[in-house]
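These notes are about the structure you will find just below.
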Amino acid sequence: MEVITVLIPYVLRGLDVTLKVTVVALGFGLFFGTLLALMRVYGGKMLSNTVMLYISAIRALPHILLLLVIYFMIARIVDLSPFWAGSLSLSIISSAYQAEIIRGAILSVPPGQMVAARSIGMTRLQSIRYVVIPQAIRHVICPWSNEAAIVIKDSSLVYVLGVPEILRQAQYYSGRNPTKPFNAYLAVAVIYFLLTFLTTRGLDALEKRIRIPA
Amino acid sequence: MAPKQNIILRIEDLHKKYGREEVLKGVSLEVKEGEVVILVGPSGTGKSTLLRCINQLTVPDAGSVWVQGVELTDPETNIDHARQHIGMVFQSFNLFNHLTALDNVMLGLMHVLEMDKDDAQDKAMMELERVGLANKYMNYPGQLSGGQQQRVAIARSLAMEPVVMLFDEPTSALDPELIGEVLVVMKDLAVGGMTMLCVTHEIGFARDVSNRIVFMEHGVIVEEGSPEKILNNPDLPRTRQFLGKISDLH
């Protein structure tokens, strides 16, 4: 009972931070991930290989390590709050994963679609914009919801930079109430579960809504 | 309809290699306005490659292609612009899967010809009517039979008002009972005076509507002539042998 009446309201103080970090990480991650994916698929050999190397490097390292490295790099160059440093770091990490998800979705569009678009005189850019991307979006939602679930939970990593998101709040609580360390974390677990569950349900619904009738 | 004298399509000494394999070994061909030319030959002899080299979907290694006096193989030519006037129909239809029949036909009108939406819609409906599918305008490709999809694909090409239509085995992927409806549409086009270059094994269609049959093998044109001559009395035994085989099938 204490979990619901006391702890969840307490921990919820960090919820807006968790949500902001997640939205920034996923949003910027989607934007940069899309750019990286387009460079990977349509960018020619040089660009494609460069991007591949960059993606491989990011995917090869633990997120927490990247977060710390990027935070101390960025923080030295420009004056960024821990919130922005953490969120942007997460978005850089996520963009690498999203790039591969989006690349896969683009490649799953049959090549004949591009050929047909070019054959009626559409430019390459128009073909990508009006024929390939709208179909790739349908293929992207399912794997993307997986990435969204991961980023929601990865938002907790910014606590190492001192950003007061829900896990940090739970720690404060536990620090002040050392007799019940478990309950605060249980409350956090419930919130993460709900966030992830609602997000993936929502994306599932979206996927069904825009499914191509057949 | 008897072809006129002006040349719509001119292909000169076209070469194309895939890796080490030379698929086209110097092909030259002219198609006059209103002419219907059928390309036949065993698979892997470069018929499809030849079609794709015409509108530069595949870039030839050497040789040149002119459509209405514009050289498409010239790097200075705006190829996107040139392709508007060259219709192409594919074996696998390649309708845009995420769009309705109507939107499939409208897409090029709006984004290539830059028509406004209402005009594009009217024009697209007219083209769907022409292929007998006005009642299916709201259907997605997945809700259409193969024959219907191919007819929408033809409408999509026709909407761009092409000066020549290229058909790449338009009926090869269809169930036998759906082939007829596509051939009827193609026949109407031919009778209406459309300039057509078709890769097909439909000998009946070739006999009825074509002006010329071109037999290709191993990357070169082996023999060409009127349908009567090529189908009944070809010069080369190889042409006779090949056409004999596909006639048996039909």
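Residue numbering restarts at 1 for every chain, and letters A, B, ... go by the order of the sequence lines. Just so you know, these numbers come straight off a predicted model, no measurement behind them.
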Inset, instruction - Using a heavy-atom cutoff of under 4.5 Å, enumerate the residues of residues 44-61 of chain B that contact chain A, numbered in order, or state 'none'. - result: B:R52, B:N55, B:L57
Legend entry - Which atom of B:V89 lies closest to which atom of B:Q150, heavy atoms considered: CG1-OE1, 3.3 Å
Legend entry - B:S210 versus B:I38, closest heavy-atom pair with distance: CB-CG1, 3.3 Å
Inset, instruction - Mind listing the closest non-hydrogen atom pair of A:E165 and A:T18 along with its distance? - result: CB-OG1, 3.2 Å
Inset, instruction - Check each atom of A:Q126 against the heavy atoms of chain B and say whether the ones under 4.5 Å are side chain, backbone, both or neither. - result: side chain
Inset, instruction - Just jot down the ring pair (Phe, Tyr, Trp, His ring centres under 6.0 Å) partners of A:Y97, sequence neighbours excluded, or say none. - result: A:H63
Inset, instruction - Count the heavy atoms of every other residue, nucleotide or ligand shown that sit under 6.0 Å from OH of B:Y18, and state whether that count exceeds 12. - result: yes
Legend entry - Residues of residues 133-154 of chain A within contact distance of chain B, non-hydrogen under 4.5 Å: A:P134, A:Q135, A:R138
Legend entry - Closest-packed option against chain A by number of heavy-atom pairs under 4.5 Å, given B:H85, B:Q143, B:M160, B:H81: B:Q143
Inset, instruction - Determine whether B:K123 and B:M115 make a side-chain contact, defined as any pair of heavy atoms from C-beta on separated by less than 4.5 Å. - result: yes
Inset, instruction - Among the options B:G142, B:G108, B:P141, pick out the one with the most heavy-atom pairs lying under 4.5 Å from chain A. - result: B:G142
Inset, instruction - Please check if atom CG in A:L125 has more than 12 non-hydrogen atoms from other residues, nucleotides or ligands closer than 6.0 Å. - result: no
Legend entry - Set of ring pair (Phe, Tyr, Trp, His ring centres under 6.0 Å) partners for A:Y130, sequence neighbours left out: B:H111
Inset, instruction - Indicate yes or no: at least one non-hydrogen side-chain atom of B:L189 is less than 4.5 angstrom from one of B:L158. - result: yes
Inset, instruction - Examine B:R156 relative to B:F96 and say whether NZ or CZ is less than 6.0 Å from the centre of the six-membered ring and inside a 45° cone about the ring axis. - result: yes
Legend entry - Contacting moiety of B:L95, where chain A heavy atoms sit under 4.5 Å: backbone
Inset, instruction - Look at A:A214, A:A117, A:P213, A:P110 and state which one has the largest set of heavy-atom pairs under 4.5 Å with chain B. - result: A:P213
Legend entry - Residue, of B:L107, B:T100, B:I86, that accumulates the most heavy atom pairs under 4.5 Å with chain A: B:L107
Inset, instruction - Indicate the ring-plane relationship of A:F197 and A:F193, choosing parallel, tilted or perpendicular according to the 30° and 60° boundaries. - result: parallel
Inset, instruction - Indicate yes or no: does A:E100 engage A:R103 in a salt bridge with an N to O separation below 4.0 Å. - result: yes
